[in-house]
Amino acid sequence: MSFVIFPIPPERLKAMRHDGADDAGERFEAFVAEEDGAPLRCCLREARAGEHLALIAYRPEGTAGAYREIGPVFVHAAPCEGDAAHRWSASSCRSDRPDFPTAKPPGTPHRRPK
């Protein structure tokens with residue numbers, strides 16, 4: 001079994017940035033990534049230290065019933081080079097990083113799994 005990760009549709013992300021609210025109706029703020037590695041759902045690459053990011057609640061379209069989940073995802077705080085033709089697959093996700101993801105909003109303690 002395999003799965004594919006799609007980027008957030010650019011129009012939807014543009015609306016969230018404009019409104020300043022995510023799919024849970026919460027306001028979000030930009031923060032600066034302290035290190036490389038946060039998985040970005042806007043352009044499907046890992047963030048680099050120093051980039052301005054936002055942690056938002058996102059619910060993919062087409063989900064319903066028990067699978068209608070809202071989850072946290074990292075995106076660039078401003079429009080980026082998002083690539084709707086690019087996809088992540090299970091084999092491209094890194095499993096060698098126990099502390100993944102590494103970016104965090106300001107004031108959030110960083111805890112490594114035990």
Side-chain angles (χ1 to χ4, degrees):
M1 183 171 149
S2 65
F3 68 91
V4 177
I5 300 170
F6 295 92
I8 297 173
E11 313 79 41
R12 186 153 171 215
L13 195 49
K14 181 179 179 180
M16 281 189 214
R17 287 178 179 131
H18 177 267
D19 296 341
D22 60 21
D23 281 348
E26 299 292 327
R27 311 242 358 119
F28 57 88
E29 295 182 22
F31 66 95
V32 177
E34 295 177 5
E35 54 188 84
D36 296 347
L40 297 167
R41 284 293 300 274
C42 48
C43 56
L44 300 185
R45 69 168 175 79
E46 291 184 354
R48 293 183 281 275
E51 290 187 298
H52 292 262
L53 308 180
L55 180 60
I56 64 169
Y58 172 65
R59 184 187 62 80
E61 292 293 327
T63 56
Y67 297 102
R68 186 182 175 120
E69 293 289 331
I70 295 177
V73 297
F74 292 102
V75 296
H76 280 109
C80 66
E81 76 279 0
D83 182 0
H86 185 78
R87 304 287 184 267
W88 271 338
S89 66
S91 61
S92 67
C93 294
R94 295 171 56 180
S95 62
D96 61 337
R97 305 232 351 229
D99 60 339
F100 195 75
T102 57
K104 60 191 180 306
T108 304
H110 184 69
R111 296 186 186 119
R112 294 185 186 269
K114 295 180 180 180

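What you see is a predicted model; the values in this text were computed from it and never measured.
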Could you tell me which residues satisfy side chain to side chain donor-acceptor pair (under 3.5 Å) with R12, sequence neighbours excluded, listed by chain and number? D23, E61

Donor-acceptor pair, distance only, cut-off 3.5 Å: does the side chain of D19 make one with the backbone of A21? no

For A24, does its backbone N or O pair with a side-chain atom of R59 as donor and acceptor, under 3.5 Å? no

What distance separates R27 CZ from D22 CG, expressed to the nearest 0.5 Å? 10.0 Å

Treating R45 as the side-chain partner and L40 as the backbone partner, does any N or O pair qualify as donor plus acceptor under 3.5 Å? no

Return the CG to CZ distance between L44 and F6, rounded to the nearest 0.5 Å. 10.0 Å

Hydrophobic cluster (4.5 angstrom, side-chain heavy atoms) - remaining members for I56: I8, L13, M16, F28, Y58, V73, V75

Is there a donor-acceptor pair closer than 3.5 Å between any side-chain N or O of R48 and the backbone N or O of A33? no

Below 4.5 Å, heavy atoms only, C-beta onward: do E46 and P39 meet side chain to side chain? no

Hey, what do you get for CZ (R17) to SG (C42), rounding to the nearest 0.5 Å? 6.0 Å

Side chains of R41 and H76 in contact at under 4.5 Å (non-hydrogen atoms): no

Could you note down all residue pairs passing salt bridge (charged side-chain N to carboxylate O under 4.0 Å, His left out) where residues 70-80 supplies at least one of them, sequence neighbours left out? none

Could you give the distance from CD (E26) to CD1 (I70), rounded to the nearest 0.5 Å? 10.0 Å

